[in-house]
Number of protein chains: 2
Amino acid sequence: MTQALLHRPTAQGVALAARKVSEILPRTPLLPLEVDGRTIWCKAESLQPVGAFKIRGAWHRMTALTEEERARGVVGVSSGNHAQGVAWAARKLGITAAIVMPVDAPEVKLANTRALGAEVVLYDRPGGEDREEVANRLCEQRGATLVHAYGDPWIIEGQGSAGLEIAEQMAEQGLASPDLIVAPGGGGGLTAGLALALPEARIIPVEPEGWDDVCRSLETGEIQRVGPDAPPTPCDALQTPGTWPINFEILKARCPFGLAVTPAEVRAAQRLAFAKLRLVVEPGGAAALAAVLAGKVEPTDRTAVILSGGNTDAQAFAKVLQTRD
Amino acid sequence: MTQALLHRPTAQGVALAARKVSEILPRTPLLPLEVDGRTIWCKAESLQPVGAFKIRGAWHRMTALTEEERARGVVGVSSGNHAQGVAWAARKLGITAAIVMPVDAPEVKLANTRALGAEVVLYDRPGGEDREEVANRLCEQRGATLVHAYGDPWIIEGQGSAGLEIAEQMAEQGLASPDLIVAPGGGGGLTAGLALALPEARIIPVEPEGWDDVCRSLETGEIQRVGPDAPPTPCDALQTPGTWPINFEILKARCPFGLAVTPAEVRAAQRLAFAKLRLVVEPGGAAALAAVLAGKVEPTDRTAVILSGGNTDAQAFAKVLQTRD
């Protein structure tokens with residue numbers, strides 16, 4: 001943790017992350033989508049090799065480890081997408097990875113993480129077990145480095161690289177940089193990174209109803225947490241109990257507000273992404289689009305929306321397609 | 001038709017088409033997919049604005065029309081994806097378009113074509129009505145130009161532009177041009193174009209079982225047609241009665257053989273594209289991948305597969321996800 005505390009996330013760090021990411025990952029497409037006669041730009045991060053933007057932060061973080069740290073391995077904590085990002089980067093770098101995942105994670109995320117060669121250590125999310133404790137214990141036992149899913153400067157910078165790509169892709173279309181970014185908000189790793197990447201854009205984090213700790217934190221100016229009575233949500237990727245100071249310092253300065261979306265709004269966004277963009281997007285990955293479609297934020301002429309991740313079980317996705325809300 | 005007969009499809013024409021396409025359409029991603037420990041490269045043409053590569057040929061063809069021809073409008077013939085390509089290009093160029101489509105086309109394809117502003121003229125495919133006749137009559141009545149779905153030099157060149165993009169994208173990964181291309185084969189517009197684009201690659205067209213006229217044409221060296229007793233197939237996009245001489249001349253010289261896939265093999269490919277690539281691919285769009293997964297063609301180290309289109313009704317796709325073959 002000491003090294004992490006000394007490193008501050010910066011726009012320069014985001015630019016470095018973008019260079020590192022571009023050397024190893026093909027650019028994901030920025031797809032136009034017409035919403036009420038206006039074009040919004042959808043960054044299809046669901047098309048990353050692990051199906052989510054999380055691969056960016058994991059790569060930037062883990063390539064910054066010393067040889068000695070690499071030899072001792074890493075421990076990740078994740079509901080599934082960060083897990084796959086860490087596992088993917090670990091395999092590429094020849095590092096041992098253990099990932100602390102909830103027992104109720106989607107089957108596809110557990111299977112993909114194991115298929116990438118990582119050890120999966122389950123914790124009892126429904127029973128309220130503290131995942132950070134499980135992870136810290138593992139790190140102590142093994143001398144491993146914790147690769148946190150959002151409360152880490154390199155992770156923030158890495159996720160921010162998606163913002164620089166968006167600006168570059170909009171420039172190629174003859175457009176100015178986005179002035180509004182709507183993005184899924186879990187712990188605030190992606191949204192904080194986008195804020196660093198795009199200093200002139202408003203950043204709007206979108207959370208699932210009942211898991212709106214960032215919304216409430218922005219309203220009150222203090223970090224709020226999700227209580228133990230939070231309702232079930234299909235957005236497993238956004239079930240984070242609370243953001244961290246390193247994220248919130250940035251969000252507080254740059255997000256005018258946060259938004260919350262309902263399960264029905266999320267399903268509608270998944271169906272639209274299916275029909276109009278031909279993309280498979282998981283519930284948490286569709287949250288930002290859901291907020292736009294539900295009219296909760298007014299798009300500008302330069303609005304970008306992050307679509308990510310795309311890891312959902314076939315049966316669950318079929319049910320979404322068959323539901324009429 | 002006179003102008004079309006004078007124009008021969010060439011590699012230079014493909015290069016021109018690629019330049020024209022790159023000015024108006026963002027490049028679709030080339031996604032790696034591991035199949036039995038080997039990486040194959042999937043060109044996600046399902047991510048084109050109309051969900052299919054057909055937009056390429058339509059754009060190249062219609063931008064080649066004279067001012068006078070543009071004023072008289074165009075007529076297209078299509079089961080749905082070429083329809084949307086023509087409608088999209090027509091809207092962009094301010095040209096009137098009528099599209100002859102089968103009454104049993106997927107609902108999403110009819111709706112999307114109309115939403116793009118084209119007039120849809122239905123013909124009775126299940127009853128055996130000849131779509132070419134319907135289209136020719138319309139052209140005569142209106143003085144409109146026929147934009148054929150595959151039997152047209154510009155259409156062939158336009159579709160071939162996907163091949164140049166693949167070579168460019170593989171070069172960016174430090175790889176040589178593909179030596180094997182597996183692609184959906186309907187009338188042979190795409191496969192003939194790819195053959196012109198990539199002179200050193202083997203091109204393998206893949207058709208649905210019972211609609212394997214190109215397979216049989218390659219075997220016999222003469223154009224064979226699909227009889228009226230052809231079985232039903234989920235691959236509506238590949239239900240073409242037969243290729244044309246302009247296509248077959250190229251295919252004959254460059255395709256060692258064609259392959260046919262079963263409905264179950266197609267569903268398996270759709271499910272794999274869903275789970276591993278997070279892409280929505282319609283049955284016809286998954287045919288080429290299906291042939292590779294079924295072991296009907298041995299991938300090389302430089303194999304590219306075309307995935308396109310992505311236009312499928314939600315209920316039909318849900319059913320594919322829920323089927324266990």
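Below, read A as the first sequence line, B as the second, and so on, with proteins coming before strands; counting in each chain starts at 1.
What you find for A:Ala286 and A:Ala269 is that their closest heavy atoms are O-CB, 3.5 Å.
Per-residue counts of heavy-atom pairs under 4.5 Å with chain B were compared for A:Leu30, A:Leu31, A:Asn311, A:Val281; the largest is that of A:Asn311. Counting heavy-atom pairs closer than 4.5 Å to chain B, the top residue among A:Gly51, A:Ser46, A:Pro29 is A:Gly51. Ranking A:Leu33, A:Leu277, A:Leu279 against chain B, the residue ahead of the rest is A:Leu279, based on heavy-atom pairs under 4.5 Å. Comparing A:Thr312, A:Val108, A:Asn112, A:Val50 by how many heavy-atom pairs each has under 4.5 Å with chain B, the most go to A:Val50.
Contact of B:Thr28 with chain A is not made at all, since no heavy-atom distance falls under 4.5 Å. Residue A:Gln173 touches chain B through its side chain alone, counting heavy-atom pairs closer than 4.5 Å. B:Pro49 touches chain A through its backbone: at least one of N, CA, C or O sits under 4.5 Å from a heavy atom, while the side chain does not. Contact of B:Glu172 with chain A is not made at all, since no heavy-atom distance falls under 4.5 Å. Of the atoms belonging to B:Glu23, not a single heavy atom falls under 4.5 Å from chain A.
Applying the ring pair (Phe, Tyr, Trp, His ring centres under 6.0 Å) rule to pairs touching residues 302-325 of chain A yields A:Phe317-B:Phe274, sequence neighbours excluded.
Between A:Met62 and A:Lys92, every side-chain heavy-atom pair lies at or beyond the 4.5 Å cut-off. Side-chain contact between A:His60 and A:Val21 is absent, with no heavy-atom pair separated by less than 4.5 Å. No side-chain heavy atom of B:Ile181 sits less than 4.5 Å from a side-chain heavy atom of B:Thr303.
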### Task
List the steps, then state whether salt bridge (Lys or Arg N to Asp or Glu O under 4.0 Å) holds for B:Glu282 with A:Arg278.
CA-CA 9 Å; B:Glu282 65 181 86; A:Arg278 293 92 185 172; over 6 Å; no
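Every residue two or more places apart in sequence or in another chain that forms a side chain to side chain donor-acceptor pair (under 3.5 Å) with A:Gln322 is listed here: B:Gln322.
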